[in-house]
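Reckoned from all heavy atoms, side chains included, excluding hydrogens, waters and symmetry mates. In the text below, chain A, chain B and the rest are named by the order of the sequence lines, each starting its count at 1. The shown structure was predicted, so the numbers you read here are calculated from the model rather than taken from an experiment.
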Number of protein chains: 2
Amino acid sequence: MHSFTEENYLKAIYKLMENDGPEVSTNAIAAHMNTRAATVTDMIKKLSAKKLVHYTPYQGVSLSTTGKKAALSIIRKHRLWEFFLVEKLGFRWDEVHDMAEQMEHIQSPELVERLDEYLGFPKHDPHGDPIPDAKGRLPETEAALLLSAQKGKKYKMSGVIDHHVLFLKHLDEIGLKPGCIIYVDQITSYDLSLQIRINGGKPLFISHQIARNILITSSR
Amino acid sequence: MHSFTEENYLKAIYKLMENDGPEVSTNAIAAHMNTRAATVTDMIKKLSAKKLVHYTPYQGVSLSTTGKKAALSIIRKHRLWEFFLVEKLGFRWDEVHDMAEQMEHIQSPELVERLDEYLGFPKHDPHGDPIPDAKGRLPETEAALLLSAQKGKKYKMSGVIDHHVLFLKHLDEIGLKPGCIIYVDQITSYDLSLQIRINGGKPLFISHQIARNILITSSR
DNA sequence: TCCAATATTTAGACTAATCTAAATATATAT
DNA sequence: ATATATATTTAGATTAGTCTAAATATTGGA
Ligand SMILES: [Mn+2]
Ligand SMILES: [Mn+2]
Ligand SMILES: [Mn+2]
Ligand SMILES: [Mn+2]
């Protein structure tokens, strides 16, 4: 099979393709993986030899069909284990990433399917990210940013863009988490801040900085 | 921390010390790990430099206090995950070893303690092997071999010596598993076979080959 | 006690993953 | 269009883990 390192590269390339378009640059991968461009070039050549990526020197890299399948399998495992850690072991959503980063590499197709069943086939992880199914299909998700919300409407929080620990802890403190209902009472055009209520609670001010990192869907 | 490889060596040395006495030979480790003696010598030197083992060239190796602690921590994780896989995910006891072999290397003290709690602080894994506690202490276990049982007495099965898949599957088929009560009706001195009943069921013949791989304690 | 069989270590080589520094290709800005 | 800046690759080195073959130490039998 693939080494941990190869798997981590596949996942990184998948995420960069998702954000920055189909051709991923050597430097982008190096930055994302906290390594050097020369190291990335070496690994790309290996992944290319294994037909996991398409690669033209100087022109960037993209996942092949098999590479994409492998990446989705790793992401599936990562998100299922995160769900397990939060729902079964009681960890907070800001604590689980590093553990899942290790658990995603456990090799056993049977284990993944049993875990999925044990967890009740969840569609989203604790951060609201979609969990690919056994075939690598992602659940449908139409999500918008909270900063594009309209005054007077209500929405359901569906996830976050930023996954950093400090951001997640802050959301915890103010009571925002995936699934909660957000009523948008005011929008201040000057600084793009919002005044909201969560599940009909007390009014709360949300800065642009935060609003642009929160995903919402139409409530219902 | 320690690499997967180092952890696997520590565990191997622990198990060999348990079975063969305090000084473990290079060849014994090589055989147990399915590798070469020269490879073992290299690794022993590294473990020795890290003060995880005591080593005198040509004289064998033994775990230091810290090495033993590390080995017990890995064994704790291995057996807790095996318990999880059987009790929560519904795997059979002959299916879980290879998965636990990977899961035992996940680094997160908090995860281990939460898992232990979630599982109800089990004292033994699905094979009847004792689970070290958070401090590395093993639960008390006075276990004897079924082949040393006495006619007319009853015992509780507490575990197995042999852990191979085929043996475990066979035990499953005849209904023997840790926790069951074994009534010894007959002992044939010629071939050292036994006639037993499990939980008061039908009479069953057990060969010496099997009897010497089953652990028992006094029933109650 | 001594020698041959066995066990262990050393020497030298290989692969995977990483790095720094140098070379080369691509992009951008007059 | 040319030169400068940036991005990428190549060259050469390092570390962990492994191997084979050769050297050396230990052990047990005559
Ligand atoms: Mn990872
Ligand atoms: Mn997540
Ligand atoms: Mn292992
Ligand atoms: Mn076990």
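The phosphate of dT10(C) (OP1 or OP2) has a side-chain N or O of Lys45(B) nearer than 4.0 angstrom. Contact between the side-chain N/O atoms of Tyr9(A) and the OP1/OP2 oxygens of dT18(C) is found at a separation under 4.0 Å.
In this structure, Arg212(A) contributes its side chain and Leu146(A) its backbone to no donor-acceptor pair below 3.5 Å. For Thr188(A) (side chain) and Asp191(A) (main-chain N/O), no donor-acceptor pair under 3.5 Å exists by modelled atom type. Asn213(B) contributes a side-chain N or O that, together with a main-chain N or O of Gln209(B), makes up a donor-acceptor pair within less than 3.5 Å.
Pairs passing the ring-ring contact (aromatic ring centres under 6.0 Å, His included) check and including a residue from residues 28-85 of chain B, sequence neighbours excluded, read Phe84(A)-Phe84(B), His78(B)-His97(B), Trp81(B)-Phe84(B).
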Problem - Candidate pair Leu63(B) and Met17(B), rule side-chain contact (heavy atoms from CB on, under 4.5 Å), full reasoning - result: CA-CA 8 Å; Leu63(B) 290 175; Met17(B) 283 174 76; 3.8 Å; yes
Handout entry: Candidate pair Leu145(A) and Ile214(A), rule side-chain contact (heavy atoms from CB on, under 4.5 Å), full reasoning
Key = CA-CA 6 Å; Leu145(A) 293 177; Ile214(A) 290 178; over 6 Å; no
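Tyr55(B) comes within 4.0 angstrom of sugar-phosphate atoms only, judged by non-hydrogen atoms across all strands, and of no base. Within the 4.0 angstrom heavy-atom criterion, only backbone atoms of the sugar-phosphate kind lie near Thr5(B); the bases stay farther away.
Every residue two or more places apart in sequence or in another chain that forms a ring-ring contact (aromatic ring centres under 6.0 Å, His included) with His163(A) is listed here: His127(A).
Of the options Lys123(B), Lys77(B), Arg76(B), a salt bridge (charged side-chain N to carboxylate O under 4.0 Å, His left out) to Asp116(B) is made by Arg76(B) and by none of the others.
You'll find the ring centres of Phe4(A) and Phe4(B) inside the 6.0 Å limit.
The stretch residues 13-26 of chain A does not touch DNA chain C, since none of its heavy atoms comes less than 4.0 Å from the strand. Using a 4.0 Å cut-off on heavy atoms, the residues of residues 27-37 of chain A that approach DNA chain D are Asn27(A), Ala37(A), listed by number.
Regarding Met43(A), its CE atom lies at a distance of 17 Å from the C1' atom of dT10(D), rounded to whole Å. In this structure, Asn8(A) places its CG atom 17 Å from P of dA16(C), rounding to the nearest Å. Whole-Å rounding puts the Phe4(A) CZ to dA16(D) C1' distance at 16 Å. The nearest whole Å value for the distance from the CD atom in Glu7(B) to the P atom in dA16(D) is 16 Å. In this structure, the CG atom of Asp42(B) is 10 Å from the P atom of dC19(D), given to the nearest Å.
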What pairs of donor and acceptor atoms, side-chain ones from residues 38-45 of chain A against any protein atom, are under 3.5 angstrom apart with sequence neighbours left out?
{"from": "Thr41(A)", "atom 1": "OG1", "to": "Ala37(A)", "atom 2": "O", "distance (Å)": "3.2"}

Please list each protein N or O that sits under 3.5 Å from an N or O in nucleotides 21-27 of chain D, with the distance.
{"from": "dA25(D)", "atom 1": "O4'", "to": "Tyr58(B)", "atom 2": "OH", "distance (Å)": "3.3"}

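Closest of all the heavy-atom pairs between Ala70(B) and Leu10(B) is CB-CD1, 3.9 Å.
Of the candidates dT10(C), dT9(D), dT18(C), dT18(C) carries the atom nearest the Thr39(A) side chain, counting heavy atoms from C-beta on.
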